[in-house]
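Structure record follows, encoded as structure tokens.
Quantities reported herein were computed from a predicted structural model and do not represent experimental measurements.
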Amino acid sequence: MAKIVTYDLCKPETSADYKELIDRIKQYTHCKLMESCWLISTSWTCAQVREDLSKHIDSNDRLFVANLTGEASWIGKMLSSTDDIKKILNE
């Protein structure tokens, strides 16, 4: 099922390290929508994904995971192709 994952890492800009979190997100079937927003496909629940990803963020960071219905609309160029986005939404 398609899920949206978005986050804010609240470290000072000079020390923010997104690599560990991003590397973990990339282990799912994924595409990047915007700088801190990803579309993933997994049979895991939102709570399971949240717990999995929370191991890679600090306690003051924010993380949001939600199921998507398959219907979406956007304007502007996303960071992944329209085909990749539609593929995950329809899995």
Side-chain angles (χ1 to χ4, degrees):
M1 170 171 262
K3 294 180 178 18
I4 191 163
V5 174
T6 186
Y7 53 84
D8 288 326
L9 302 184
C10 299
K11 294 179 183 176
E13 230 178 278
T14 56
S15 66
D17 181 11
Y18 295 80
K19 184 177 180 354
E20 191 175 318
L21 176 62
I22 291 169
D23 286 348
R24 181 62 192 121
I25 291 171
K26 287 181 176 180
Q27 291 179 4
Y28 293 95
T29 301
H30 69 278
C31 61
K32 189 172 185 178
L33 300 176
M34 293 179 266
E35 290 303 321
S36 298
C37 186
W38 296 75
L39 187 62
I40 66 168
S41 179
T42 181
S43 60
W44 287 12
T45 66
C46 292
Q48 288 172 314
V49 173
R50 180 202 63 214
E51 289 306 307
D52 179 48
L53 297 179
S54 69
K55 299 171 191 168
H56 306 285
I57 62 175
D58 291 335
S59 60
N60 65 329
D61 295 334
R62 292 180 285 271
L63 176 68
F64 178 82
V65 181
N67 285 322
L68 295 178
T69 62
E71 180 180 348
S73 182
W74 58 91
I75 190 167
K77 183 167 174 39
M78 296 293 111
L79 297 179
S80 291
S81 72
T82 297
D83 288 342
D84 288 345
I85 293 168
K86 287 180 179 179
K87 180 181 175 196
I88 292 177
L89 286 172
N90 293 312
E91 284 189 354

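- Annotation: the span from H30 atom NE2 to R24 atom CZ amounts to 12.0 Å, rounded to 0.5 Å.
- Taken from CZ in R50 to CD1 in I57, the straight-line distance is 10.0 Å, to the nearest 0.5 Å.
- In terms of heavy-atom proximity, E20 sits nearest to K55 at OE2-O, 4.0 Å.
- W38 and I4 fall into different hydrophobic clusters, where Ile, Leu, Val, Met, Phe, Trp and Tyr residues are linked whenever their side-chain heavy atoms come under 4.5 Å apart, directly or through other members.
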Practice prompt. Start with the C-alpha gap between D52 and W44, add the side-chain angles, then the distance that decides, and say whether side chain to side chain contact (heavy atoms under 4.5 Å, CB included) holds.
Written response: CA-CA 10 Å; D52 179 48; W44 287 12; 3.6 Å; yes

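- Scored by the side-chain hydrogen bond (donor to acceptor under 3.5 Å, both in side chains) test, T6 finds no partners at all (sequence neighbours excluded).
- For the pair S80 and C31, the tightest heavy-atom approach, listed with the atom from each and the gap, is OG-CB, 3.1 Å.
- The neighbour count for K87 NZ, taken as heavy atoms of other residues, nucleotides or ligands under 6.0 Å away, does not exceed 12.
- Closest of all the heavy-atom pairs between N67 and K3 is OD1-NZ, 2.7 Å.
- The shortest non-hydrogen separation linking L63 to V5 is CD1-CG1, 3.9 Å.
- Connection of L21 to F64 is not established within any shared hydrophobic cluster, with ILVMFWY side chains joined at heavy-atom distances below 4.5 Å, either directly or through further cluster members.
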Go through L79 and E35 one step at a time and tell me if the side chain to side chain contact (heavy atoms under 4.5 Å, CB included) criterion holds.
CA-CA 8 Å; L79 297 179; E35 290 303 321; 3.7 Å; yes

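- If you take CG on L68 and CG on N90, they are separated by 11.0 Å, rounding to the nearest 0.5 Å.
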I would like to know whether M78 and T82 meet side chain to side chain contact (heavy atoms under 4.5 Å, CB included); could you show each step before the answer?
-> CA-CA 8 Å; M78 296 293 111; T82 297; over 6 Å; no

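- In terms of hydrophobic clustering, with Ile, Leu, Val, Met, Phe, Trp and Tyr side chains grouped at heavy-atom distances under 4.5 Å, I88 and Y28 are assigned to different clusters.
- Here the straight-line distance linking atom CE of M34 with atom CG of L39 works out to 10.5 Å at 0.5 Å rounding.
- With rounding to the nearest 0.5 Å, the separation of CD in Q48 from OG in S43 is 7.5 Å.
- In this structure, the side chain to side chain contact (heavy atoms under 4.5 Å, CB included) partners of E51, at least two apart in sequence or on a different chain, are S54.
- The distance from the CD atom of Q27 to the OG1 atom of T42 is 11.5 Å, given to the nearest 0.5 Å.
- The side chain to side chain donor-acceptor pair (under 3.5 Å) contacts involving residues 57-66 comprise D8-R62, where partners must be two or more places apart or lie in separate chains.
- Hydrophobic clustering (side-chain heavy atoms under 4.5 Å, transitive across Ile, Leu, Val, Met, Phe, Trp, Tyr) keeps I85 apart from M1.
- Each of L89 and I40 belongs to its own hydrophobic cluster when Ile, Leu, Val, Met, Phe, Trp and Tyr are linked at side-chain heavy-atom distances under 4.5 angstrom.
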